[in-house]
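The sequence lines fix the lettering, A, B, ..., with proteins before strands; numbering per chain opens at 1.
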There are 2 protein chains.
Amino acid sequence: MEDQFIKAAGLIGDATRAAIMWTLLDGRAFTATELSIAVNTSPQNISMHLGKLLEANLLSVEKQGRHKYYRFSNKEVAYVVEAMANLIPKPEISSKTKSENYAPVKYCRTCYDHLAGKIGVALADSLLEQKIIIEKNNTFEISPEGQKWFSGFGINIEEARKQKRIFLKPCLDWSERRYHIAGSVGTLLLNKMLEQDWIRRTTNSRAIIITGKGEKEMLKSFKIVV
Amino acid sequence: MEDQFIKAAGLIGDATRAAIMWTLLDGRAFTATELSIAVNTSPQNISMHLGKLLEANLLSVEKQGRHKYYRFSNKEVAYVVEAMANLIPKPEISSKTKSENYAPVKYCRTCYDHLAGKIGVALADSLLEQKIIIEKNNTFEISPEGQKWFSGFGINIEEARKQKRIFLKPCLDWSERRYHIAGSVGTLLLNKMLEQDWIRRTTNSRAIIITGKGEKEMLKSFKIVV
DNA sequence: ATCATAGTTAAATCTGTATTGAAGTATTAC
DNA sequence: GTAATACTTCAATACAGATTTAACTATGAT
């Protein structure tokens, strides 16, 4: 068991491969060439590294014509990379500076079963600003008006409160370093959006895409420009 | 940000350092010499590697006389190592003991020689709730009724008290972040459970599996649903 | 005071493996 | 068909950094 652990650590530990993992963390699938550009090395070299990661089952690949799309092969792998990302000392967030060069997917991925990524954070901001939820010493609470809002959105808050799992809690996303909404309310929000086809899950990835409808509705309900 | 990620990955990625991390995963603090033995390399080499891990704040050290005790510097580090441990292909689990969120390492692992992981924490909770043990300014004590309970369980508390090692102490588990029971009482509990075939050790792993009998008994004695 | 143990530091060496260069196959475009 | 793109394979090379050799400091035991 130990040697397998060491092998896994070594695989991720190489600088080029770590850069690959970092790139893939946004949930998208990348082609070998894209990765070689992102990581700034030769295609041959990328090919070799991808081979090793595939062999170890850290990545999986899907062939489409002459392209090969690589992604994390399972969520456990993503967790390792995320856990590592969390080791990084947190920078202060200069909110709008980096929003330009956002990769489409770092953009709106699901953090387990709630919305994280840029959209998740923007959503939390919006709900806070509209006083639908209120921050109170590091927890979130739902205001009386908020309760109305949620039921208008088709979410029964009383129902959510009954569930055993944590009701509503701020969840710090590694990629955004800002709070978004987890807990049963987070899940309900996510599900409602899926149900209404504002967003769609992609297969084999934690990334989520926003539909045309979602784009309009998010602007309307949350003043979020996606 | 990316370069810091790569640096962190590289630090854990070296075989010797990975072995150090693996060793430290059980939660104990180790001296440099102990680590050099566990990892099978020279003291000089260990010293060099520990220096790097310290420098990067992945480990912290405490000096005691001529010994230096190394441990993970924070839970984030432990999470990375645990997440990596979870990458390792799981040994097959008998259907009886399978439970939904089975993760070999987190689930029910031994922390040195007592029960940690999910079960260990639940157990401590149960014993506290039943007032078998009592928390008193960050230590655990056994109540008079508790003493009876333990002897009913086949554990002689007076015997345990005589041992030189720490009798009973709360131990913070990395994976659960809640206290469980260490000390000689913790060991006795663990051994008793093994003896009664409530749980079984797996070869080559810290994980422990719960037997069908254990499942029933734990529910009965501790109201723990496994 | 002396010796053993614990750990560190510095320079010399060694080695695994990442990278590169050259040549190959497969697919799409024209 | 030919050319271009996407990716792989193999042998040759380069090099970071792990390990070793050796000499050192600090603490504890007798």
Round to a whole Å and report the spacing from [atom1] of [X] to [atom2] of [N].
X: B/K7; N: D/dA16; atom1: NZ; atom2: P; answer: 17 Å
X: A/K68; N: C/dT27; atom1: NZ; atom2: P; answer: 10 Å
X: B/F30; N: C/dA6; atom1: CZ; atom2: P; answer: 16 Å
X: A/L35; N: C/dA18; atom1: CG; atom2: C1'; answer: 17 Å
X: B/N45; N: C/dT13; atom1: CG; atom2: C1'; answer: 14 Å
X: B/E62; N: C/dG7; atom1: CD; atom2: P; answer: 14 Å
X: B/I37; N: C/dA6; atom1: CD1; atom2: P; answer: 8 Å
X: A/K63; N: D/dT8; atom1: NZ; atom2: C1'; answer: 11 Å

Tell me which nucleotide among [options] gets nearest to the side chain of [X].
X: A/H67; options: D/dC7, D/dA4, C/dA18; result: D/dC7
X: B/R66; options: D/dA29, C/dT19, C/dT17; result: D/dA29
X: A/Y70; options: D/dA18, D/dT8, C/dT19; result: D/dT8
X: A/H49; options: D/dA6, C/dT19, C/dT8; result: C/dT19
X: A/T41; options: C/dA4, C/dT20, C/dT17; result: C/dT20
X: A/T33; options: C/dA6, D/dC7, C/dA18; result: D/dC7

Say whether, by atom type as modelled, one donor and one acceptor occur between the side chain of B/S73 and the main chain of B/N57 under 3.5 angstrom.
->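 Indeed, once roles are kept as given, a pair shorter than 3.5 Å links the two residues.
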Pairs of donor and acceptor atoms involving the side chains of residues 49-56 of chain A, under 3.5 Å and at least two apart or interchain, shall be tabulated with distances.
| residue | atom | partner | partner atom | Å |
| --- | --- | --- | --- | --- |
| A/H49 | ND1 | A/R17 | NH1 | 3.1 |
| A/H49 | NE2 | A/N45 | OD1 | 3.4 |

Check if the side chain of B/Q44 and the base of C/dG7 share a donor-acceptor pair of N or O atoms closer than 3.5 Å.
->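 By the distance-only test, no, there is no pair.
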